[in-house]
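Atoms within each ligand, like the ligands themselves, are counted from 1 in listed order. Atom set for the values below is all heavy atoms of this structure, side chains included, hydrogens, waters and symmetry mates excluded.
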Amino acid sequence: MIQPHLQRIAIIGGGFSGTLTAINLARLSTVPLRISVLNCTYPAGRGIAYSTQRPEHLLNVAARNMSAFPEYPSHFVDWLITRTEYANIPEAELRETFMPRRVYGDYLRSLAWHYSGPLNSRSSVEIKNISIEVVDLIPETQGARLILADGTAMLADRVVLATGNEPPADLNGSAALCDHPAWCANPWIDWGKKLPAPGGTIVLLGTGLTTVDAILTLLALDWRGRIHAISRHGFLPQSHFKGVDVPDFPPSDVDLASLGLSELVALMEHHCERLRTLGANPAIIVDKLRPHTQRIWQAFSDKERQKFITHYAARWNVVRHRIAPSIHQTITAAVTSGRITTTAANITGLRAAGQKITVDLQPSGGAASSLTADLVINGTGPQTRFSATHSPLLRALLKRGLAQADAADMGLKIAPDFTVIQKDDQPSPYLLALGPLLRGTLWETIAVPELRGQALRVAQTLLAAAPNSLAAEAAVIEYCI
Ligand SMILES: Cc1cc2nc3c(=O)[nH]c(=O)nc-3n(C[C@H](O)[C@H](O)[C@H](O)COP(=O)(O)OP(=O)(O)OC[C@H]3O[C@@H](n4cnc5c(N)ncnc54)[C@H](O)[C@@H]3O)c2cc1C
């Protein structure tokens with residue numbers, strides 16, 4: 001029997017976003033809550049990014065900026081200091097370190113355990129972790145009924161979508177390869193068992209962070225063979241660096257959000273050029289834009305967003321998503337020594353060639369060519385066309401009109417308080433969303449510095465609506481991105 005004011009909150013997805021939403025609810029609520037975190041595929045608390053077991057996979061953000069709580073910026077570093085292996089590293093050095101991602105996963109798991117375990121001081125808040133996929137959602141008079149992959153159902157008053165990153169999109173010809181021994185469609189699921197014998201050929205599709213992960217693992221395993229990495233531009237990620245001070249960017253008298261795309265690009269190019277002439281790395285300009293990026297994106301017209309995606313997004317991503325200097329050195333050395341070849345070309349098709357796979361390529365302005373490999377890994381990054389999602393749950397939400405894609409078809413349309421907007425343009429009475437699902441609305445919404453603020457804000461929205469909640473006021477904590 002449900003107590004009269006006991007809210008049942010279902011969080012779908014147990015990566016960083018879902019876990020931190022549950023934790024924030026637990027630490028801020030002054031009313032009893034029953035929270036269920038439903039998660040599948042990757043370990044709860046870790047999600048895709050922090051479930052890697054490989055020590056060479058490092059965070060791409062320094063420890064100082066990886067706190068799970070916006071109002072306690074040193075929380076992750078303080079937690080690291082409690083561990084014997086980091087206790088003797090000077091704090092200033094620790095703050096700048098790029099930790100193994102599995103250690104960050106330990107941090108998240110320890111937080112989740114604390115807030116859902118028996119010593120949770122808010123014992124009136126129950127957090128239950130359930131390993132199962134949610135495949136559908138049916139509105140009820142109050143809240144919704146979640147349909148689970150085993151055919152059972154669960155009732156919830158409020159539901160949070162924290163389903164995270166989608167696997168990479170299909171490529172031309174990839175559907176026919178799903179059972180092929182040389183094909184790896186999801187680079188985040190262990191492909192070690194498919195590793196070809198030394199002397200073979202591996203083709204990595206994409207040259208971003210996922211491909212960097214794969215290269216690091218191949219080098220760590222000392223796998224000897226040919227490694228090709230292919231993308232339209234062929235650029236591997238740049239390194240983080242200690243930038244010069246640029247006090248005049250952004251200019252104090254300019255409202256960046258009201259500039260519009262063309263003027264913004266002109267302003268950035270002007271400042272980048274000035275830094276180049278000074279011999280400084282212009283990537284610092286992209287870093288300095290980060291606190292303003294969401295506001296700028298929201299002020300763009302649909303046409304400007306489309307133009308940005310078509311003309312600037314690839315360049316932006318290379319500069320914005322940088323890697324730890326130590327990783328950059330390793331990758332650069334492997335490219336220089338010829339262990340890795342990068343190619344700039346469009347991937348036009350994939351086809352089986354016996355036990356191998358042939359990748360067809362079209363370099364811009366060059367002749368078509370192909371590469372045949374013993375293993376082809378799709379590292380082209382999470383699928384971004386929302387309406388093409390393979391998630392049964394997200395497809396069901398769209399079909400039932402319980403959600404709609406944003407104008408750029410990159411994710412869900414939401415209200416400023418993270419409530420999902422239904423197909424009839426009305427805010428959902430029970431459904432909220434956060435994380436990479438909001439790319440079309442916020443653009444910058446995939447990394448911890450953004451997601452921790454969202455997880456807090458979503459918890460605040462839920463608590464403000466909890467009947468008899470004192471938490472509406474108690475939970476109003478300033479958060480930053
Ligand atoms: C390889 C990689 C490395 C990264 N490194 C960093 C980094 O160093 N620093 C940083 O700030 N960010 C990093 N990121 C960004 C990363 O996206 C975020 O930090 C964060 O992990 C995203 O968490 P999430 O919970 O939103 O999504 P996810 O981690 O994708 O978790 C979502 C979870 O929901 C589950 N799920 C989905 N649908 C359902 C369903 N229907 N039913 C039940 N469960 C479901 C998924 O299986 C998954 O377990 C990295 C991302 C990747 C992919």
Query raised in the report: Does N88 have any side-chain contact (heavy atoms from CB on, under 4.5 Å) partners at least two apart in sequence or in another chain, and if so, which?
Result: none
**Report entry** Residues that H240 engages under side-chain contact (heavy atoms from CB on, under 4.5 Å), provided they are two or more places apart
**Finding:** F98, R322, P325
Query raised in the report: In chain order, what residues pass the salt bridge (Lys or Arg N to Asp or Glu O under 4.0 Å) check against R95, with sequence neighbours excluded?
Result: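 Testing R95 for salt bridge (Lys or Arg N to Asp or Glu O under 4.0 Å), a comparison that skips the adjacent residues, returns none.
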**Report entry** Basic-acidic side-chain contact under 4.0 Å: R439, D409
**Finding:**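 No salt bridge links R439 with D409.
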For a distance cut-off of 3.5 Å, show me each N or O of ligand 1 paired with any protein N or O, plus the separation.
{"from": "ligand 1", "atom 1": "8 (O)", "to": "N60", "atom 2": "N", "distance (Å)": "2.7"}
{"from": "ligand 1", "atom 1": "8 (O)", "to": "N60", "atom 2": "OD1", "distance (Å)": "3.1"}
{"from": "ligand 1", "atom 1": "9 (N)", "to": "N60", "atom 2": "OD1", "distance (Å)": "3.3"}
{"from": "ligand 1", "atom 1": "11 (O)", "to": "V448", "atom 2": "N", "distance (Å)": "2.8"}
{"from": "ligand 1", "atom 1": "12 (N)", "to": "Y50", "atom 2": "OH", "distance (Å)": "3.2"}
{"from": "ligand 1", "atom 1": "17 (O)", "to": "N165", "atom 2": "ND2", "distance (Å)": "3.0"}
{"from": "ligand 1", "atom 1": "17 (O)", "to": "I446", "atom 2": "O", "distance (Å)": "3.0"}
{"from": "ligand 1", "atom 1": "19 (O)", "to": "Y50", "atom 2": "OH", "distance (Å)": "2.7"}
{"from": "ligand 1", "atom 1": "25 (O)", "to": "F16", "atom 2": "N", "distance (Å)": "3.0"}
{"from": "ligand 1", "atom 1": "25 (O)", "to": "S17", "atom 2": "N", "distance (Å)": "2.9"}
{"from": "ligand 1", "atom 1": "26 (O)", "to": "S17", "atom 2": "OG", "distance (Å)": "2.6"}
{"from": "ligand 1", "atom 1": "29 (O)", "to": "I48", "atom 2": "N", "distance (Å)": "3.2"}
{"from": "ligand 1", "atom 1": "30 (O)", "to": "N165", "atom 2": "N", "distance (Å)": "3.1"}
{"from": "ligand 1", "atom 1": "41 (N)", "to": "V134", "atom 2": "O", "distance (Å)": "2.9"}
{"from": "ligand 1", "atom 1": "42 (N)", "to": "V134", "atom 2": "N", "distance (Å)": "3.0"}
{"from": "ligand 1", "atom 1": "44 (N)", "to": "C40", "atom 2": "N", "distance (Å)": "3.2"}
{"from": "ligand 1", "atom 1": "47 (O)", "to": "C40", "atom 2": "O", "distance (Å)": "2.6"}
{"from": "ligand 1", "atom 1": "49 (O)", "to": "N39", "atom 2": "OD1", "distance (Å)": "2.7"}
{"from": "ligand 1", "atom 1": "49 (O)", "to": "C40", "atom 2": "O", "distance (Å)": "3.3"}

Query raised in the report: Between F16 and Y50, is the ring centre distance below 6.0 Å?
Result: no
**Report entry** F308 ring center within less than 6.0 Å of W443 ring center
**Finding:**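 Yes, they do, as the ring centres are separated by less than 6.0 Å.
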